[in-house]
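Note that these values count all heavy atoms, side chains included, but never hydrogens, waters or copies made by symmetry. Nothing here was measured: the structure is a model prediction, and the numbers come from that model.
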Amino acid sequence: MVQAPSSASPNIWHAVGLLIATGSLLGLSAIWAKASGSVGWPPMALLLWAMVGGAAIQTVGQVLRRRVPMPGGSALVFSVFSGILFAIPNAMAFSAVQHVGAGFVALCFAFPLMLTYALALALRLDRFNGQKLLGVLFGVAGGVVLATAKTGVDGGYSPWSLVALAVPVILAIANIYRSVYWPKGSDSMQMSIGMLVFGAATMVAVLLLFGIDFGPVAWNAESAGLLAAQSVTFAVLYDVYFRLQKLAGPVYLSQIGSVAAVTGIALAYLIFAEIPSIQQSIAAILVAIGLVLVNRAMTRQTRAAA
């Protein structure tokens with residue numbers, strides 16, 4: 001077992017900046033996924049090629065920095081499992097967003113915080129903290145409100161809500177896995193490239209298994225533009241994502257879902273005119289309170305360890 005990245009005394013303001021950037025980009029990614037149907041992209045096909053595009057952009061960046069673009073050895077094994085644990089929940093989210101809305105899926109990304117914290121405590125990767133637990137409980141309350149909300153885009157209940165709600169469980173497991181098995185001395189972008197490459201390989205298998213088309217209904221400016229937008233988003237998102245995990249650890253990283261929830265709801269309203277329901281608004285407020293409490297608790301832990 002490889003030692004997890006240290007989160008005892010990260011630069012708190014650097015971590016906050018990475019957190020806001022990563023969460024906002026995650027919310028934006030959900031918006032692009034929502035737009036896929038309107039321009040003829042099968043959601044999972046867009047996900048596949050965006051992974052390929054994001055990995056290609058990052059590889060160019062690595063070459064320009066004169067660094068090895070692909071991992072090897074233990075880092076290769078890490079990348080394979082990271083790619084699988086990345087592709088499956090994203091495929092679920094990209095599919096569910098067409099049925100339950102971008103705002104709902106974005107809020108679901110807030111759940112890994114509480115799940116990751118529980119796993120981290122069980123595995124002794126984090127210490128118990130009352131204020132942090134209170135923040136997690138606010139997240140739980142937001143999740144309960146969201147889970148009982150009407151989730152179909154037509155105002156009715158949709159089985160796709162269960163698919164969306166299963167996503168954070170897998171993401172929490174992935175957060176813990178990457179921290180525990182992070183290859184010592186590995187570069188963040190190198191890990192990101194490996195995850196995207198093997199995530200794309202997993203998506204090829206998924207598309208073949210379910211007989212999903214590998215491309216849009218027609219190639220035009222809109223379909224190509226959406227692919228470019230999602231690819232660039234992935235390239236930047238997963239670079240800062242891995243930087244944040246390496247700097248601050250799995251529990252702090254999990255707060256990106258809370259930021260994505262708020263960003264996703266706002267963007268869903270601005271771009272798709274999805275008016276947040278009362279339940280979604282309450283859930284967002286509860287999640288935001290939880291985010292503040294967890295961040296304050298981790299700031300105090302950082303100062304105490306300094």
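The main-chain N or O of Met92 is never found under 3.5 Å from a side-chain atom of Ser95 such that the two would form a donor-acceptor pair. Remark: the backbone N or O of Leu227 is paired with a side-chain donor or acceptor of Ser231 at under 3.5 angstrom. The backbone N or O of Ala235 sits less than 3.5 Å from a side-chain atom of Gln58, completing a donor-acceptor pair. Asn220 contributes a side-chain N or O that, together with a main-chain N or O of Glu222, makes up a donor-acceptor pair within less than 3.5 Å. For the pair Ser29 (side chain) and Leu25 (backbone), a donor-acceptor distance under 3.5 Å is absent. At least one donor-acceptor pair under 3.5 Å links the side chain of Ser38 to the backbone N or O of Ala35. Looking only at distances, no side-chain donor or acceptor of Gln230 sits under 3.5 Å from a matching main-chain atom of Ala50. Side chain of Trp49 to main chain of Phe214: a donor-acceptor pair is present (N/O by atom type, distance under 3.5 Å, no hydrogens or angles).
Ile193 is listed as a side-chain neighbour of Val197, based on a closest heavy-atom distance under 4.5 Å. At least one side-chain heavy atom of Asp126 sits under 4.5 Å from a side-chain heavy atom of Lys132. For the pair Gln245 and Trp182, the minimum side-chain heavy-atom distance is below 4.5 Å.
Within a 6.0 Å sphere centred on CZ of Phe210, other residues, nucleotides and ligands contribute 12 heavy atoms or fewer. Within 6.0 Å of atom CG in Leu209, more than 12 heavy atoms from other residues, nucleotides or ligands are found, so the atom counts as buried in its surroundings.
The two residues Met51 and Ala200 make their nearest non-hydrogen contact at SD-N, 3.3 Å. In terms of heavy-atom proximity, Ser79 sits nearest to Gly194 at OG-CA, 3.6 Å. Minimum heavy-atom separation, Ala55 to Leu196: N-CD1, 3.7 Å. Between Tyr177 and Val77, the shortest heavy-atom distance links the atoms OH-O, 3.9 Å. Taking all atoms of both residues into account, the shortest heavy-atom contact from Leu19 to Leu244 is CA-CD2, 3.8 Å. When all heavy atoms of Leu207 and Ala45 are compared, the pair lying nearest together is CD2-CA, 3.9 Å.
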- [ ] May I have the step-by-step check of side chain to side chain contact (heavy atoms under 4.5 Å, CB included) for Arg243 and Thr22, ending in yes or no?
- [x] CA-CA 10 Å; Arg243 290 175 186 270; Thr22 307; over 6 Å; no
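Using a 4.5 Å cut-off between side-chain heavy atoms of Ile, Leu, Val, Met, Phe, Trp and Tyr, with links allowed through other members, Leu137 and Val292 fall into different hydrophobic clusters.
The aromatic rings of Phe78 and Phe242 stand perpendicular to each other, their planes meeting at an angle above 60°, with 30° marking the opposite boundary.
Taking the ring centroids of Phe198 and Phe81, they lie at or beyond the 6.0 Å cut-off. For an aromatic pair to be called close, the ring centres must be under 6.0 Å apart, and Trp219 with Trp41 satisfies this.
Checked against Phe234 for a side chain to side chain contact (heavy atoms under 4.5 Å, CB included), the options Ile57, Leu47, Asp239 give a single hit: Leu47.
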Throw together a table of side-chain donor-acceptor distances under 3.5 angstrom for residues 168-176, partners on residues two or more places apart or in other chains.
| from | atom 1 | to | atom 2 | distance (Å) |
| --- | --- | --- | --- | --- |
| Asn175 | OD1 | Arg178 | NH2 | 2.7 |
| Asn175 | OD1 | Tyr241 | OH | 3.4 |
| Asn175 | ND2 | Thr116 | OG1 | 3.3 |
| Asn175 | ND2 | Leu171 | O | 3.4 |
| Asn175 | ND2 | Ser254 | OG | 3.0 |

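With rounding to the nearest 0.5 Å, the separation of CG in Leu237 from OG in Ser192 is 8.0 Å.
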